[in-house]
2 protein chains.
Amino acid sequence: MRESEECKKILENKAMFKMASPEFMDKLVQSAHLHNAGKGKVLFIHQDTADKFYIVVSGWVKLFRETLDGAQAVVDILPAGHIFGETSIFENDSYPYSAEAVEPSVIMSLPLSLLKQEIEDNPKLALAMLSAMARYRKQQDREIEHRTLQNASQRIGCFLLRLADQEATGPITIHLPYDKTLVASRLGMQPETFSRALGKLKDATGIKVKGATVELKSLDQLIDYSCSACSSEFPCHDLNA
Amino acid sequence: MRESEECKKILENKAMFKMASPEFMDKLVQSAHLHNAGKGKVLFIHQDTADKFYIVVSGWVKLFRETLDGAQAVVDILPAGHIFGETSIFENDSYPYSAEAVEPSVIMSLPLSLLKQEIEDNPKLALAMLSAMARYRKQQDREIEHRTLQNASQRIGCFLLRLADQEATGPITIHLPYDKTLVASRLGMQPETFSRALGKLKDATGIKVKGATVELKSLDQLIDYSCSACSSEFPCHDLNA
DNA sequence: GGTTATTTTTGACCTTTGTCAAGGCGCAGG
DNA sequence: CCTGCGCCTTGACAAAGGTCAAAAATAACC
């Protein structure tokens, strides 16, 4: 079966599963499934009973929470390769957020029960997960910092930097991976604010924006502008889990 | 030696160490030290080399980060019983934030090396730490949500609710555990904003504020006001790690 | 008990972001 | 080539929060 071959390849490449036992990986591949999710497809809802966790194979997935009156807070927007829903293990088997595909995506689903079992049986996996969790925690801490110390334009600059190849020295072209409205919500601002703040960023740094394409002469333009309001030095490692 | 007796008692009561081996606990107690930290005492600085982790025995400890130009973002303010600095294990042995006592405090210091070793040797401890980390992650997620969806007054209301006995049904008296200026920074706002927002909260809910003392007729007053702008139902469990 | 610090509150004003409404742009489908 | 529907931008205005300066209230100290 082609599907399981594909799943196998993806799973074996995940850092978190490098330490897993072969038996576990076999069982995991057996019960893995790929799903096509169109733009807007809701994968699960906050506080649903959780029996699966997921990996983004391609596309983008938004994690978010909603209040009763419909206001929405975006927790994160995940690119290909990221795991989500796995923390339900520690949350009474219920999802701590809702998940929705925001671009046409392929999602792999896997049973939480297997993961739960293997984490208890295999210390190496528990350590790998601990390490991943610590990295995520650091990211969230930084997010909170950014929201308090950076203004809208600086947050956009920082976002662009994280999309770029951080090693590059010359001119760079960046493509926004999803709608600007969505970038705005990811950065905790309104679409209108995003639009205006991007304009301000353009004036301040000389970057060029055409639709979803951003061109910079060099990273320094943005680094000066955004990273001055951040406690970390520029090459912000720790970005990909 | 009295000190080690005291440390032992505290360590044995920590949920995280319930699963630790007796040998580990012995070693831990041997190398534990208590420190008196006056108000304002800096315990370590962001990116210092980390060889110890800590437990707040009494008092309050502020975790924070600073930008080059002096702006400060408060990551958290920890009460007695909380561990900090332990995530340095996953951070290249450097502290991910600075720590300062904001009230006269007693702090226990413990070697990271022991923890590192035991986590690798004892799966149960790794699991306990994983679970603690997951709880913390959830808290951070909620923090980000609050900063985007709640206004200043609502955040204060939410903060008061978390200080209160959540089971109580009748009138309640809450004492602010540290300076209002500090509460403000914990909630990501300026002292002036805090003062005015507290005034607004008073008008809106009928709570009574005298200095550091807050009296409410019942929790409902605050719940209606604050929790409407939050994705979680009221009794916010998951508060203490 | 008076005096000095420190913390908190107020007032006036400014900046940033949110809100509402109207256009504009671009692309898919006819 | 035209039309319609999202997405994005703009303008005008409102609201929230930040800033600066000064007064008021507490707490701390001789």
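Proteins come first, then strands; the chains are lettered A, B, ... in the order of their sequence lines, and each starts at number 1.
- Judged purely by distance below 3.5 Å, without hydrogens or angles, the side chains of B/Q72 and B/K62 pair a donor atom with an acceptor atom.
- Protein atom NZ of A/K180 is 14 Å distant from nucleotide atom P of C/dC25, rounded to whole Å.
- Using a 4.0 Å cutoff on non-hydrogen atoms, no part of residues 59-74 of chain B comes near DNA chain C.
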Before you tell me yes or no, could you show the steps for B/K138 and A/E91 under salt bridge (Lys or Arg N to Asp or Glu O under 4.0 Å), namely the whole-Å CA-CA distance, both residues' side-chain angles and the distance that decides it to 0.1 Å?
CA-CA 9 Å; B/K138 193 177 177 183; A/E91 308 271 358; 3.0 Å; yes

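- A/Y54 and A/Y95 have tilted rings, their planes meeting at an angle from 30° to 60° on a 0 to 90° scale.
- Between A/T193 and C/dG18 there is a side-chain polar atom (N or O) within less than 4.0 angstrom of OP1 or OP2.
- The base of D/dC20 lies close enough to the side chain of B/E192 for a donor and an acceptor atom to sit less than 3.5 Å apart.
- A salt bridge links A/R147 with A/E143: at least one charged nitrogen is closer than 4.0 Å to a carboxylate oxygen.
- For B/H146 and D/dG17, the NE2 to P distance is 15 Å, given to the nearest whole Å.
- The A/Q190 side chain lies nearest to C/dG18 when the options are D/dG18, C/dG18, D/dT10.
- Between the two ends of the helix from C/dG1-D/dC30 to C/dG30-D/dC1, each summarised by a five-pair axis, the helix axis turns through 30° (rounded to 10 degrees).
- Residue B/R147 places no side-chain atom within donor-acceptor reach of the base of C/dT17, judged by atom type and a 3.5 Å distance cut-off alone.
- Nearest nucleotide to the side chain of A/N151, out of C/dA12, C/dT16, C/dT9: C/dT16.
- Looking at heavy-atom distances under 4.0 Å, A/A152 makes contact with sugar-phosphate atoms alone, never a base.
- In this structure, CD of A/Q150 is placed 18 Å from C1' of C/dT15, rounded to the nearest angstrom.
- In terms of phosphate contacts, A/K39 brings no side-chain nitrogen or oxygen within less than 4.0 Å of OP1 or OP2 of D/dG6.
- Salt bridge status for B/K39 with B/D179: present, with a side-chain N to carboxylate O gap under 4.0 Å.
- Using a 4.5 Å heavy-atom cutoff, the side chains of B/L216 and B/L222 are in contact.
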